[in-house]
Peer 1: 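My questions will all concern the structure given below.
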Protein chains: 4
Amino acid sequence: MAKEGYEAASIREIAQAAGLAPGLVHHYVPDKESLLVALTEDLGARWLTRLDEAEGLAPEARLRRLIELHLSLDEARPEELGCWLQIIAEAARRPSVGAVWAEVVVGLRAKLVGALTALAESRGRRLDVEAGAAALLALIYGGLTLGPSAGGPPGYAAAAAWALTEGLLAAAPAADGPSQAAG
Amino acid sequence: MAKEGYEAASIREIAQAAGLAPGLVHHYVPDKESLLVALTEDLGARWLTRLDEAEGLAPEARLRRLIELHLSLDEARPEELGCWLQIIAEAARRPSVGAVWAEVVVGLRAKLVGALTALAESRGRRLDVEAGAAALLALIYGGLTLGPSAGGPPGYAAAAAWALTEGLLAAAPAADGPSQAAG
Amino acid sequence: MAKEGYEAASIREIAQAAGLAPGLVHHYVPDKESLLVALTEDLGARWLTRLDEAEGLAPEARLRRLIELHLSLDEARPEELGCWLQIIAEAARRPSVGAVWAEVVVGLRAKLVGALTALAESRGRRLDVEAGAAALLALIYGGLTLGPSAGGPPGYAAAAAWALTEGLLAAAPAADGPSQAAG
Amino acid sequence: MAKEGYEAASIREIAQAAGLAPGLVHHYVPDKESLLVALTEDLGARWLTRLDEAEGLAPEARLRRLIELHLSLDEARPEELGCWLQIIAEAARRPSVGAVWAEVVVGLRAKLVGALTALAESRGRRLDVEAGAAALLALIYGGLTLGPSAGGPPGYAAAAAWALTEGLLAAAPAADGPSQAAG
DNA sequence: GATGAATGAGCGTTCATTCAT
DNA sequence: CATGAATGAACGCTCATTCAT
């Protein structure tokens, strides 16, 4: 199911690609929109699960792994990436898709917030992890969407994500205590 | 014409909104796809022109202005932003749109490259400005697309763009050659 | 089963309302059309049975009761009336339904013919009871179908049925004997 | 247009029968339902106009003509009659059709009320013409709908309509004054 | 140039019917 | 007996495109 859902395709094509009769799709799903919602839920759950593999790592490696897992999508799973781009485009128009997408984003951000928090702690910095996670998300998503058309050298996005992190950490106050931070 | 092109709309609606007869659209444009191409060219040219206003500024202000001009799109020109998101989504599917979009990106990147080059020079750093411009573009585009769903505090994207720039500059080697230029 | 058969409903809904699996309907009935036929037979048999209650009455009361039983359908059994209207509409299109409906009409007419015959006898008139029964049936059916849209005062149909009967009787020759009737 | 609208037919069939492309139907009519509404309006207007031919006649002939014009529909214009039966069946389910049908009924009743009023006057009777018109309408409609299945002899419905009229007139008080009517 | 009627393929969806289990 | 997944034709409708005027 995950391979099909480009939504530019017709239900007839989706069904054909899945080897089903056109009418059968509506046995499992009331709507074409619901099909996309179901696909989003499925894909989102799998993706969040896959990100768990970064969980045990040391702070820096953990964040690097999260970034890399995302940015490798375009080479490792181009079909899945295509699904996501479709989903995000539809999320802006269809509330039902938008709601599921928002949930996925919450999950992704939580991972990033966790990794950023651990990293900031290990560096002794007081970082605005919410803003940092949002920025990393935006950079990752922009990198994936623009893809080759952004025109950077290979791996620019991962390098930039790291530069962004370091930049944010450098700008963050030390965590020794409110007073010392200011000092 | 620029306000209409959401492409979710039918040619009938586009024509009606422009005060034309539906059949007349095809006098000017062979295709619906060509309509989107024309819209993209028009919008792209205007946008690049508008970015020229940053041209005369000092290096830092110049880059800040470029970033700000982009990121303020969602408040200042939400319709235009909507057009762009549509265009980019279609660019992935339709080569003819993709080509024009790529040209626009080249233009945007050139502006960013210019500003980054000037900034790096003023700071005495040897920056990979191509990669830096691509990263800024990705961050900007991601911030605009994810919009509120990324969940950061207001203005996080502009702050992050700056942190990214500083991070890149911090990681860049000193410009020993023309170095004396800085000295 | 009698309550469902509006035929605007799908077999799935009919089956669901009856607590059956959709596929099971076709164990009992080959066709959707046969389902309507079966419903018509069932409903017709019940209705004719119910009309038997008028059988023992005096001639005038008997006819009044028959008329009233029909005309009260829209208040007493609106669902059943709805079924009948559906059936009659389908009877015009589907021969199999038409045949069963014709049988029901034969039965209804027989009741009316019986009552009219008894009434004419008691009044000493030679009435064309076949025509009379057909006319009463038409008036009753028209009254039920047009319902409120005919726009008469409440009870107009029953009153009219009686006026019709009296009109027919008044126009009928006396039954003193074939010769005298002509004279 | 009048010949097609059986509504049991698909839009494709309607269009084909009219020699049009399927999509063209929706140029003229937004909906299938609107098609039926338009047909009803058209047919209703024509029918009311046709009934005007009875307008100049003497009271009795006028009413006879109105009845006859209706009842001859099944022989003279079976297709139009078919349309009407479809319309009335749909009127019960679709408010938009019901509204137009109700208007037509108002027009028909007005004609019958006019004829009955003239007739009652010429006979010196105080008749409840609203109820009478409703009853005639019901009888006519029932006769047309049941058609041959009612089983009466040819012409029974017209004869019955007349008997009904006479029955109603006979039961109506004289118009010379309340006291005389009772006397 | 300009109009809008006309075309026809294709869409998402429904549903009577079949059939493996 | 009973189930409900599966089928596929047909539906109402949309819309990019064509073309006579």
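All chains are named by letter (A, B, ...) in the order of the sequence lines, taking the proteins before the strands, and each is independently numbered beginning at 1.
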Peer 1: Measure from CD on B:E13 to P on F:dC15 and round the result to the nearest Å.
Peer 2: 7 Å

Peer 1: Over all heavy atoms of both residues, which pair between A:G107 and A:L48 is shortest? Give the atoms and the distance, please.
Peer 2: C-CD2, 3.7 Å

Peer 1: Would you mind reading off the distance between D:L36 atom CG and F:dG12 atom P, rounded to a whole angstrom?
Peer 2: 12 Å

Peer 1: Which heavy atom in A:S96 sits nearest to a heavy atom in A:V37, and how many Å separate them?
Peer 2: OG-CG2, 3.6 Å

Peer 1: More 5' along DNA chain F: B:I11 or D:D31, using each one's nearest nucleotide?
Peer 2: D:D31

Peer 1: Between D:I87 and D:L36, what is the shortest heavy-atom contact and its length?
Peer 2: CG1-CD1, 3.9 Å

Peer 1: List the atom of D:R12, the atom of D:P22, and the distance in Å for their closest heavy-atom pair.
Peer 2: CG-CB, 4.2 Å

Peer 1: Among F:dC13, F:dA16, E:dT17, which is the nearest nucleotide to the side chain of B:K32?
Peer 2: F:dA16

Peer 1: DNA chain E in dot-bracket, Watson-Crick or G-U pairs under 3.5 Å, [ ] crossing, | other strand?
Peer 2: .||||||||||||||||||||

Peer 1: Do C:E90 and C:W101 come within less than 4.5 Å of each other through their side chains, counting heavy atoms only?
Peer 2: no

Peer 1: Are A:W84 and A:H70 an aromatic pair by the rule of ring centers under 6.0 Å?
Peer 2: no

Peer 1: Send over the distance from C:H26 NE2 to E:dC19 P, rounded to a whole Å.
Peer 2: 12 Å

Peer 1: Are OP1 or OP2 of F:dC11 and a side-chain N or O of D:S10 less than 4.0 angstrom apart?
Peer 2: yes

Peer 1: How far apart are the C-alpha atoms of A:L108 and A:Y141, what are their side-chain angles, what is the distance that settles it, and do they pass the side-chain contact (heavy atoms from CB on, under 4.5 Å) test?
Peer 2: CA-CA 12 Å; A:L108 297 179; A:Y141 176 69; over 6 Å; no

Peer 1: Of all the heavy-atom pairs spanning A:A21 and A:A15, show the shortest one and how long it is.
Peer 2: O-CB, 4.0 Å

Peer 1: Can you check the D:I14 CD1 to F:dC11 P distance for me, whole Å?
Peer 2: 10 Å

Peer 1: Got a list of protein N/O to nucleotides 1-5 of chain E N/O distances below 3.5 Å?
Peer 2:
from	atom 1	to	atom 2	distance (Å)
E:dA2	OP2	B:Y28	OH	2.7
E:dA2	N7	B:H27	NE2	3.1
E:dG4	N7	B:G23	N	3.3
E:dA5	O3'	D:Y28	OH	3.4

Peer 1: Between A:V100 and A:T40, which heavy-atom pair has the shortest distance, and what is it?
Peer 2: CG1-CG2, 3.6 Å

Peer 1: Can you check the D:Q16 CD to F:dC11 C1' distance for me, whole Å?
Peer 2: 15 Å

